[in-house]
K.L.:
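Would you mind keeping the following structure in view while I ask a few things?
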Amino acid sequence: MPELPEVETTRRGVRPHVKGRRVKQVVVRDARLRWPVPPDLARALVGTTIDEVERRAKYLLFRTAHGTAIVHLGMSGSLRVVDAGVSPEKHDHVDVVLDDGKLLRLRDPRRFGCLLFTRNDPHDHPLLKDLGPEPLSRAFDGAHLHRIARGRTAAVKTFLMDAAVVVGVGNIYANEALWRARLAPRRRTGRVTRAHFDELARSVKEVLADAIARGGTTLRDFLSADGEPGHFRMDLAVYDRAGKLCPRCRTPIRTARVGQRSSFWCPRCQA
DNA sequence: AGTGCGGCCTGTCCGC
DNA sequence: TGCGGACAGGCCGCAC
């Protein structure tokens with residue numbers, strides 16, 4: 001469930017607590033994430049200082065002098081900063097103990113996330129090197145979408161969720177951005193006009209920025225680093241609102257699978 | 001190369 | 001009330 005706004009919210013919550021802190025200890029209670037937590041993680045991190053916490057797509061990058069820890073929250077992961085005395089609960093798989101009596105705790109019930117370490121430039125890592133532009137950067141715009149859409153036959157919603165096209169847009173925000181752009185999710189990518197792509201790029205930026213400003217979307221269990229839920233759920237126009245009324249034209253929201261994903265749209269204002 | 005699908009996981013919800 | 005099964009979904013890795 002963490003999409004870009006939730007990961008960015010996590011980064012902003014965690015950063016002030018870990019930046020400049022030295023790692024005292026690393027406790028791996030369960031290494032079986034999507035890829036195993038590397039056995040030498042503790043050796044790599046203990047004694048080093050966390051210089052910065054960055055985000056690329058939905059990955060969090062913890063920079064140290066000797067390498068970078070790469071964290072992905074999958075769909076059920078969360079990172080919290082807690083006092084070192086707080087006992088771990090079920091699914092609290094990894095603790096990074098800091099030098100000020102606090103620790104960074106990774107929880108991930110479904111274990112779709114990962115925690116890796118690289119001594120090289122993380123942007124060259126196989127998981128990151130082929131990613132598309134950041135949606136909130138100037139590199140992402142209607143021209144970019146239009147350029148790579150040529151000849152594509154897949155549904156525009158599937159296209160928008162492809163990390164090689166643009167990163168960070170998961171199912172919730174894809175549905176919302178398409179609604180804001182008045183574009184039907186099943187429209188063939190190659191048939192979308194340049195003007196509509198301009199509108200779509202604008203909508204993606206807008207919906208992500210709005211969600212970040214609200215601390216992300218909490219549907220079930222997303223909590224930020226300080227334990228607060230996100231409040232963007234209030235602003236969802238179509239996602240998870242099948243049968244409810246479109247906020248723009250009061251037509252009931254439709255739902256169907258598009259590219260194996262639940263999709264929601266207004267049959268009247270999205271064409 | 002683009003497209004589509006299976007699989008990884010567990011908690012939650014629904015129907016019987 | 002208990003239980004099985006569907007569903008949620010990011011995204012890799014494979015087959016076509």
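Throughout, protein chains are lettered first and strands after them, A, B, ... in sequence-line order, and every chain is numbered starting at 1.
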K.L.:
Please, which pairs that meet salt bridge (Lys or Arg N to Asp or Glu O under 4.0 Å) have at least one residue in residues 61-77 of chain A, sequence neighbours excluded?
P.N.:
A:Glu54-A:Arg63

K.L.:
Just how far, in rounded Å, is P of C:dG10 from NZ of A:Lys157?
P.N.:
9 Å

K.L.:
Which one, B:dT10, C:dC12, C:dG10, comes nearest to the side chain of A:Asn171?
P.N.:
C:dG10

K.L.:
Would you say A:Lys90 places a side-chain N or O within less than 4.0 Å of OP1 or OP2 belonging to B:dG11?
P.N.:
yes

K.L.:
Under a 4.0 Å heavy-atom cut-off, which of residues 115-124 of chain A touch DNA chain C?
P.N.:
none

K.L.:
Between A:Gln270 and A:Pro185, is there a donor-acceptor pair closer than 3.5 Å when you use the side chain of the first and the backbone of the second?
P.N.:
no

K.L.:
Looking at A:His72, I'd like to know whether one of its side-chain N or O atoms comes within less than 4.0 Å of OP1 or OP2 on C:dC12.
P.N.:
no

K.L.:
Check this for me: does any side-chain nitrogen of one of A:Arg194 and A:Asp198 sit under 4.0 Å from a carboxylate oxygen of the other?
P.N.:
yes

K.L.:
Given that A:Arg34 and A:Arg111 both sit by DNA chain B, which one's nearest nucleotide is further toward the 5' end?
P.N.:
A:Arg34

K.L.:
Quick one: does A:Arg110 reach the base of C:dG10 with a side-chain donor-acceptor pair under 3.5 Å?
P.N.:
no

K.L.:
Among residues 55-63 of chain A, which residues get a heavy atom nearer than 4.0 Å to DNA chain C?
P.N.:
A:Lys58, A:Tyr59

K.L.:
Do A:Tyr59 and A:Leu116 sit in the same hydrophobic cluster, where Ile, Leu, Val, Met, Phe, Trp and Tyr count as joined when their side-chain heavy atoms come under 4.5 Å apart?
P.N.:
yes

K.L.:
Check A:Cys114 against A:Trp35 and note the closest heavy-atom contact, atom names and distance.
P.N.:
CB-CE3, 3.8 Å

K.L.:
Measure CG/A:Leu33 against C1'/C:dC12 and give the value in whole Å, please.
P.N.:
15 Å

K.L.:
B:dC9, B:dC5, C:dA8: which one has an atom nearest the side-chain heavy atoms of A:Gln260?
P.N.:
B:dC5

K.L.:
Does anything in residues 143-153 of chain A reach DNA chain B, meaning a heavy atom under 4.0 Å, and if so which residues?
P.N.:
A:Arg152, A:Thr153

K.L.:
If an axis is fit to five pairs at each end of the helix from B:dG2-C:dC16 to B:dC16-C:dG2, what is the angle between the two, to the nearest 10°?
P.N.:
50°

K.L.:
List for me each residue that meets salt bridge (Lys or Arg N to Asp or Glu O under 4.0 Å) alongside A:Arg32, sequence neighbours excluded, and say none if there are none.
P.N.:
A:Asp30

K.L.:
Show the nearest heavy-atom pair for residues A:Ala256 and A:Arg186, with the distance to one decimal.
P.N.:
CB-NH2, 3.9 Å

K.L.:
Find the distance A:Asp130:CG to B:dA1:P and express it as a whole number of Å.
P.N.:
12 Å

